Amino acid sequence: MSIYDTLNKEQREAVFCTEGPLLMLAGAGSGKTRSLTHRIAYLIEEKGIAPWNILAITFTNKAAQEMRERVDSLVGYGSEDIWISTFHATCSRILRRHIDLLGYDRNFTIYDASDQKSLMKEVLKEMKIDTKQFPERSVMSEISSAKNEYKSPLDYRNEYGSNYRNQRIADIYECYQKRLKENNALDFDDLLVKMVDLFQANPEVLEHYQDRFRYIMVDEYQDTNTVQFLLVSLLAKKYCNLCVVGDDDQSIYKFRGANIYNILNFEKVFPDAQVIRLEQNYRSTQNILNAANGVIANNKGRKEKKLWTENQKGELVHFKQYDTEYEEAEGVVSTINFLSMRGVEYKDMAILYRTNAQSRIFEEKLKQRNIPYAIVRGISFYDRKEIKDLMSYLKVVDSGMDDLSVKRIINVPKRGIGQTTINRLQEFAIMNQMSFLDAVFNADEIPEVARALAKLHKFADMIENFRNYSMEHEISELLEHILDVTQYRAELEAEGTDESISRLEDIEELFNDIAYYEEEEENPNLRDFLAEKDMYTLNAGIDNLEEEDNKVLLMTLHNAKGLEFNNVFLGGMEEGVFPGYGAMMSGDESEIEEERRLCYVGITRAKERLFLSSAKRRMLRGQTQYNRHSRFIDEIPSAYLDIKKNNSTHQEVKKTDRPVKYQYGAGAGKPYNLSDFKIKPAGELNYQVGDRVKHIKFGVGTVQEITKGGRDYEVSVDFDRVGRKKMFASFAKLKKVTI
DNA sequence: TTTTCCCACGACGGT
DNA sequence: CGTGGGAAAA
């Protein structure tokens, strides 16, 4: 009996199909990680492929970690030589070796979202761009999309530069890249872009990695974007042993440039590709799976799939509408308590939500009841202010090339070097083509900062002192020294607030981290430490979550992808929350479809029980909002749904005569009525085809088509700025404009 | 010039 | 509700 006997026919087929391109269409819970890990084992143990010839790319670190563990337990010797990592980590690792070929220094810094934002602000200021007209947020997302499509500033200009706005964005893009390079920094998107640049400019490097990675596997292929596609294509070009795995129904990263056509057109790009479908679900009960199928069936243009399971029917999917978000949280937590008393372990329960903001109330209620919990990615450890501060100190000691780090610490803790001084130093630095830190060191030559000279000298001396100190001390000693000299710790200790105490704890955690690094590493040194930790910038999620920790997990739906739990609580099932306000207002049906896929992902996380909940009334944007329950609730066939009463004295609209097994929540409050909140039909439209209309977000456009669909009108409009959009009249709130 | 405080504004998701 | 930017206060 071999390990492969436990696989089903299709899974085995996928495992044994090792040569040439292979597309695995794997539905939710169909055992795709299992197939992938067995495939790796098969390559090594049966086909005699060297572990280091295998590259497995996942989307998140969590997924990479999990795959690593499962491969480890399957493959005996040499499994640590297999590259299993995310796109970004793979790129980072390879670029650390070769990026000098692109004119960067090999100890480059990776900018996270907030670093990017600061840099963009500076760029806009330097270029004297009106941030009302070009909000940094939208400029950044524009640039990010360009990068995801592998478009350089020049490409962007050539392709879109026909109007003034895009020309300016091309200017900003160009300047932003220039500044990144001067800082010897890459942003997240750059990691991928520079990697492709590297391979295209250096065929010999590419070939080296082609020979190295003869067998390539890509997980979550439906979420890859164009650069990632290019990257994979380049790497796989020589041997063509490329296996991609995905499910178009679980594509939830369109907003980040995911190109669904990568998976839909795989067979066209690789004509000799084999296609294998995994359609048996091993995870969920029939009721849960049927609910999920019912929801996703509302999307158009998907690859038709027939997911089935041999599992039991199980309980119905529970849904309850509460009065407020507090009662919702209360209800969920008391159900958790109830289940726990019935012997369900905390770690078998998870609370999922659409937006991070929703986590707070759940957290509060869990605390009140002393239920152990962990939030997956509240703020990642390395995102925290104090950690970023201290890491910046370390970076500056190692190399002063990254201006952002220097600016971050120059006045932290406060030492009387303010914005004006910083601006003048920056000007001088740009004028003389030097780094910001060099400007600080040469402050004597800048008459404008004469006033702050003494303070600047002190700062410069301090950095010098740290650098000397670091020559003959370990990293932990250096950090201790920094905390001491800067009084960083003393200040926090003096504060004595809850917040400062938690910051101090974080600092201790950083020491643990360093200690661990120094123990593990043969030759620990500051530069390698920083390079390794910059990877953690990329490390979202559960890194420090112990497997044996018995805790309720809280996370966003996006974070839950690829995970499974016996009991899933999905909160905030309300129009405007899920689907989100933005998706609804965009008038773009494809955005609703993405939300629906996200809902599908959420439902299919559950193995045994699924609890959906909503609140009638919720604080949103500082205001109380009244939201109808989510349309996705309506899309679950009622045969699989059990709607809980809410202390109702009112009539029920959807009656269920099924036994209620788990009465959860003691939510008081008004009854609900599912038909109360149906969308009002648009009634008469005050515009017709050919009219000029105005949309709140898209601006002015011409109505092309109006069709009556169900209870609403579907209107198709050609917008001057953004092109053609299809939308529902009742949401779009189009106003006729008279010319 | 720096720091503090207050008001306006803006919201999804994550490598 | 939280953050960020700008004006008043030190």
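A quick note: this is a predicted structure, and the numbers were derived from the prediction, not measured.
In summary, A:Glu386 and A:Arg503 engage in a salt bridge, as defined by a charged side-chain N under 4.0 Å from a carboxylate O.
The side chain of A:Thr355 has B:dC12 as its nearest neighbour among C:dC1, B:dT15, B:dC12. Of the listed nucleotides (B:dT2, B:dT15, C:dG4), B:dT2 has the atom at the smallest distance from the side chain of A:Thr420. Of all nucleotides listed (B:dT15, C:dC1, B:dT1), C:dC1 comes nearest to the side chain of A:Met619. Comparing B:dC12, B:dG14, B:dT15 by their nearest atom to the side chain of A:Phe255 picks out B:dG14. Among C:dG5, B:dG13, B:dT15, the nucleotide with an atom closest to any side-chain atom of A:Arg256 is B:dT15.
In this structure, CD of A:Gln116 is placed 15 Å from P of B:dG14, rounded to the nearest angstrom. Residue A:Gln250 contributes atom CD, which lies 20 Å from atom P of B:dG13 at whole-angstrom precision. Summarising the geometry, the separation between CD on A:Gln358 and P on C:dG2 is reported as 15 Å, rounded to the nearest angstrom. Separating the CD atom of A:Glu575 from the P atom of B:dC12 is a distance of 17 Å, rounded to the nearest angstrom. Spacing between atom NZ of A:Lys414 and atom C1' of B:dT3 amounts to 7 Å, rounded to whole angstrom units. Atoms CD (A:Glu448) and C1' (B:dT1) sit 15 Å apart, rounded to a whole Å. Rounded to whole angstrom, the span from the CD1 atom of A:Ile410 across to the P atom of B:dT1 amounts to 15 Å. Summarising the geometry, the separation between CG on A:Asn423 and P on C:dG6 is reported as 12 Å, rounded to the nearest angstrom.
Distances shown here put a side-chain N or O of A:Arg137 below 4.0 Å from the OP1 or OP2 atom of B:dC12. In this structure, A:Asn411 reaches the B:dT3 phosphate: one of its side-chain N or O atoms is under 4.0 Å from OP1 or OP2. For B:dG14, the OP1/OP2 oxygens have a side-chain nitrogen or oxygen of A:Asn559 closer than 4.0 Å. Proximity of A:Asn356 to the phosphate of B:dG13: a side-chain N or O atom is located under 4.0 Å from OP1 or OP2. For B:dT2, one of the phosphate oxygens OP1 or OP2 lies less than 4.0 angstrom from a side-chain nitrogen or oxygen of A:Thr421. Close to B:dG14, at under 4.0 Å from its OP1 or OP2, lies a side-chain N or O of A:Thr556.
For the pair A:Gly602 and A:Leu557, the tightest heavy-atom approach, listed with the atom from each and the gap, is CA-CD2, 3.5 Å. The two residues A:Asn262 and A:Phe229 have their closest heavy-atom pair at ND2-CB, 3.6 Å.
When each of A:Lys455 and A:Ala357 is assigned the nucleotide of DNA chain B bearing its nearest heavy atom, the one mapping closer to the 5' terminus is A:Lys455. Both A:Asp189 and A:Glu595 lie near DNA chain B, and the one whose nearest nucleotide falls closer to the 5' end is A:Glu595.
Residue contacts for A:Gly416: at a heavy-atom cut-off of 4.0 Å it reaches the sugar-phosphate backbone alone, with no base atom in range. Among the protein residues, A:Leu192 comes within range of no part of the nucleic acid, since none of its heavy atoms lies under 4.0 Å from any strand. Across all strands, A:Tyr253 comes closer than 4.0 Å only to sugar-phosphate atoms, never to a base (heavy-atom distances). At the heavy-atom level, A:Arg424 lies under 4.0 Å from the strands shown only through sugar-phosphate atoms.
A:Glu575 places no side-chain N or O within donor-acceptor distance of the main-chain N or O of A:Ser630, the cut-off being under 3.5 Å.
When only modelled atom types and interatomic distance are considered, A:Glu593 and A:Ser590 share no side-chain donor-acceptor pair under 3.5 Å. Under the 3.5 Å distance criterion, with hydrogens and angles disregarded, a donor-acceptor pair is assigned to the side chains of A:Gln177 and A:Lys147.
C:dG5 sits 24 Å from B:dC12 when the C1' atoms are compared, rounded to a whole Å.
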